[in-house]
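Heads up, the thing below is written out as C-alpha cells.
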Amino acid sequence: MARIGFIGLGNMGGGMAANLAKKGHDVRAFDLSADALHKAKAAGCLPVASASEAADGAEAIVTMLPAGKHVAEVYGALFAVASPSAILIDCSTIDVATAKQVAAAAQAKGLVAVDAPVSGGIGAANAGTLTFMVGGSAEAFDRAQAILAGMSKAVIHAGANGAGQAAKICNNMILGATMIATCEAFVLAEKLGLDAQAFYDIASVSSGQSWSMTTYAPLPGIGPETPADHDYQGGFAAALMLKDLRLAMAAAKDTGADTPMGAKAAERYEAFAEAGQGGLDFSAIIRTF
Ligand code: NAD
C-alpha cells in the first residue's frame with residue numbers, strides 16, 4: 001500500500017480519496033474547505049494543513065481541482081517538497097496546454113507527472129467505478145495505473161502528456177452534441193404525434209442510438225433511471241458540461257479544427273447557464289426546445 005497525498009476533496013475528490021483509504025492506502029488529504037477535510041477524516045484519510053504537507057513523503061500525489069489555474073498554483077507548491085520518486089497524477093479536467101505545461105515543469109524538476117481526467121460523475125467517484133484516460137509516458141502510465149486501480153472500472157493510456165485531457169474534451173464534446181440531438185429528436189417526435197416510449201424503444205435499437213439516448217434519456221419515465229426522473233437534480237451539471245465544451249472550443253481554435261456541432265452545443269449550454277439553469281443536470285436542456 002502506498003502513501004498518497006490527495007489535494008481537492010470536493011464532489012469528486014472526496015469520494016475518490018475515501019476509496020483509496022478504503023483500499024488500505026495511507027491518504028494525506030488537503031482541501032481549502034474545512035468541511036471537506038472533516039468528511040475526509042470520517043472516510044479514513046488523514047487531514048493535513050497544506051498541499052505541501054500532503055505531498056511531503058508521498059509516493060503518489062493526486063489532485064482533483066476545479067480548473068487549470070488551480071492545478072498550476074498547487075503544483076508550484078508541490079514541486080518544492082515532492083520526492084523525486086513520487087508520481088504526480090492530476091485527475092482534474094483542465095485545458096490541454098496547462099496539462100502539458102505542468103508536466104513539463106514537473107519533468108524539469110526531475111518529477112514524473114500524468115494527466116488522468118475521468119469519465120463518470122459523483123456516483124462513479126463514490127462507487128470507485130470511474131474511467132481514467134491517462135496522458136504520459138508508458139512507464140508513468142504503469143505507475144499511475146497502480147494507484148488509479150483503486151478508484152476505477154477502467155484505466156486507459158491515451159498517449160503522451162496532454163492526451164488524457166484531449167480524450168476527455170473530445171468525448172464530452174460528443175456527449176454535449178448527442179444530448180442536444182437527442183433532446184430535439186424527442187421534441188420533434190412528440191410534435192409528430194409519436195409516443196415518447198415507442199420512439200425510445202425504436203431509436204435505442206436503431207441508428208439513432210447513443211449513450212445520451214439509451215442510457216441517459218432526457219425525459220422522465222423513459223429508459224433507465226436518470227436525473228430526468230428526479231426533476232434533473234444530481235447527475236452531471238449543465239455548468240460542468242459548459243466548462244468542458246468551452247475547453248473543447250478553445251482547443252479547436254488553437255488547432256484550427258472545424259467543430260460546428262460542438263460550437264452549437266456550447267452556445268446552447270451557455271444560454272442555459274446564463275438563464276440560471278447551470279446547476280441542473282445537463283439533460284435538462286430539453287426544456288429549452
Ligand atoms: P468541486 O468544486 O466540488 O471540488 C473542487 C475542490 O477543490 C473544492 O473542494 C475546493 O475547495 C478545492 N480546491 C480548490 N482550490 C484548491 C487549492 N488551491 N487547494 C486545495 N483545494 C482546493 O469540483 P468537482 O465536481 O469535485 O470537480 C473536480 C474536477 O473534476 C473538475 O475539474 C471537474 O471538471 C472534474 N469532473 C467533475 C465531474 C462531476 O460530475 N462533478 C465529472 C467529471 C470530471
Side-chain angles (χ1 to χ4, degrees), residues 5-19 27-41 43 45 47-55 61-79 81 88-96 98-99 102 115-134 148 151-154 164-165 167-173 175-176 179 211 216 226-227 232-248 250 269 273 278-283:
F6 203 113
I7 300 150
L9 308 162
N11 289 320
M12 297 291 290
M16 292 163 68
N19 280 320
V27 183
R28 313 279 163 112
F30 176 67
D31 194 288
L32 297 175
S33 148
D35 186 45
L37 285 173
H38 188 72
K39 285 185 185 144
K41 187 176 180 192
C45 305
V48 295
S50 66
S52 307
E53 204 179 319
I61 304 162
V62 182
T63 41
M64 192 52 164
L65 296 163
K69 64 178 181 186
H70 307 94
V71 175
E73 182 193 313
V74 167
Y75 268 37
L78 299 186
F79 289 160
V81 291
L88 276 55
I89 306 173
D90 179 38
C91 300
S92 328
T93 302
I94 69 171
D95 57 291
V96 176
T98 302
V102 295
D115 46 297
V118 305
S119 180
I122 300 162
N126 289 335
T129 55
L130 292 165
T131 293
F132 288 88
M133 31 205 117
V134 183
L148 300 175
M151 305 182 277
S152 60
K153 68 168 183 208
Q165 298 296 350
K168 167 76 186 176
I169 59 173
C170 291
N171 180 76
N172 278 24
M173 187 174 76
L175 180 62
M179 179 52 78
W211 188 86
Y216 213 82
T226 67
Y232 303 99
Q233 301 299 315
F236 181 51
L240 285 176
M241 172 51 80
L242 175 59
K243 174 195 163 185
D244 293 355
L245 287 168
R246 281 179 172 155
L247 288 173
Y269 277 104
L280 294 177
D281 178 72
F282 81 114
S283 64

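Predicted model, so just to flag it, every value in this text is computed and none were measured. First listed ligand is number 1; within each ligand, the first listed atom is number 1.
Atoms OH and CG, from Y75 and L65 in turn, are 9.0 Å apart once rounded to the nearest 0.5 Å. Note that the CD atom of Q165 and the CG atom of D115 stand 5.0 Å from one another [nearest 0.5 Å]. A distance of 9.5 Å separates OG1 of T93 from CD1 of I169, quoted to the nearest 0.5 Å. Summarising the geometry, atom CE belonging to M16 is positioned 11.5 Å from atom SG belonging to C45; distances are rounded to the nearest 0.5 Å. Atom OG1 of T63 is separated from atom CD1 of I7 by 6.5 Å, given to the nearest 0.5 angstrom. Rounded to the nearest 0.5 Å, atoms CG (L240) and CZ (F282) are 11.0 Å apart.
When G120, G234, G235 are ranked by how near their heavy atoms come to atom 42 (C) of ligand 1, first place goes to G120. Relative to atom 29 (C) of ligand 1, the option among D90, L65, D35 with the closest non-hydrogen atom is L65. Counting only non-hydrogen atoms, the option in K168, M241, M64 that gets closest to atom 43 (C) of ligand 1 is K168.
Per-residue contacts place F30 under 4.0 angstrom from the following atoms of ligand 1 (heavy atoms of the residue considered): 19 (N), 20 (C). The ligand atoms of ligand 1 that sit less than 4.0 angstrom from a heavy atom of F236 are 40 (O). Numbered from 1 in the order shown, with element, the atoms of ligand 1 that lie under 4.0 Å from a heavy atom of V118 read 43 (C), 44 (C). Here is the list of ligand 1 atoms found below 4.0 Å of a heavy atom in E73: 18 (N). Which parts of ligand 1 touch K243 is read off a 4.0 Å heavy-atom cut-off, strictly below it: atoms 31 (C), 32 (O), 33 (C), 34 (O). Contact atoms of ligand 1 toward I7: 20 (C) (distance under 4.0 Å to a heavy atom of the residue). Taking every non-hydrogen atom of T93 and a distance limit under 4.0 Å, the qualifying atoms of ligand 1 come out as 32 (O), 34 (O), 35 (C), 44 (C). Close contacts of ligand 1 with G121, meaning ligand atoms under 4.0 Å from a residue heavy atom, involve 40 (O).
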message: I122 vs M12, test: side-chain contact (heavy atoms from CB on, under 4.5 Å). Steps then yes/no.
response: CA-CA 5 Å; I122 300 162; M12 297 291 290; 4.1 Å; yes
- request: Start with the C-alpha distance between F79 and L88, add both sets of side-chain angles, then the distance that settles side-chain contact (heavy atoms from CB on, under 4.5 Å), and finish with yes or no.
  value: CA-CA 10 Å; F79 289 160; L88 276 55; 3.8 Å; yes
task: For S283 and D281, run side chain to side chain donor-acceptor pair (under 3.5 Å): C-alpha distance rounded to whole Å, both residues' side-chain angles, the deciding distance at 0.1 Å, then the answer.
output: CA-CA 5 Å; S283 64; D281 178 72; 2.6 Å; yes
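Contact annotation for M16 and ligand 1: no heavy atom of the residue comes within less than 4.0 Å of the ligand. With a 4.0 Å heavy-atom cut-off, ligand 1 is reached by no atom of I94.
Considering backbone and side-chain N/O of N11, one or more are found under 3.5 Å from N/O of ligand 1. Ligand 1 has no N or O atom lying under 3.5 Å from any N or O atom of H70, backbone or side chain. Polar contact with ligand 1: present for P66 (N/O pair, distance under 3.5 Å).
Nearest protein heavy-atom contact of atom 41 (N) of ligand 1 is L240 CD1, 3.3 Å. Among all non-hydrogen protein atoms, the one lying nearest atom 11 (O) of ligand 1 is D31 OD1, 2.6 Å.
Inside a 4.0 Å radius of atom 3 (O) of ligand 1 there is at least one protein heavy atom.
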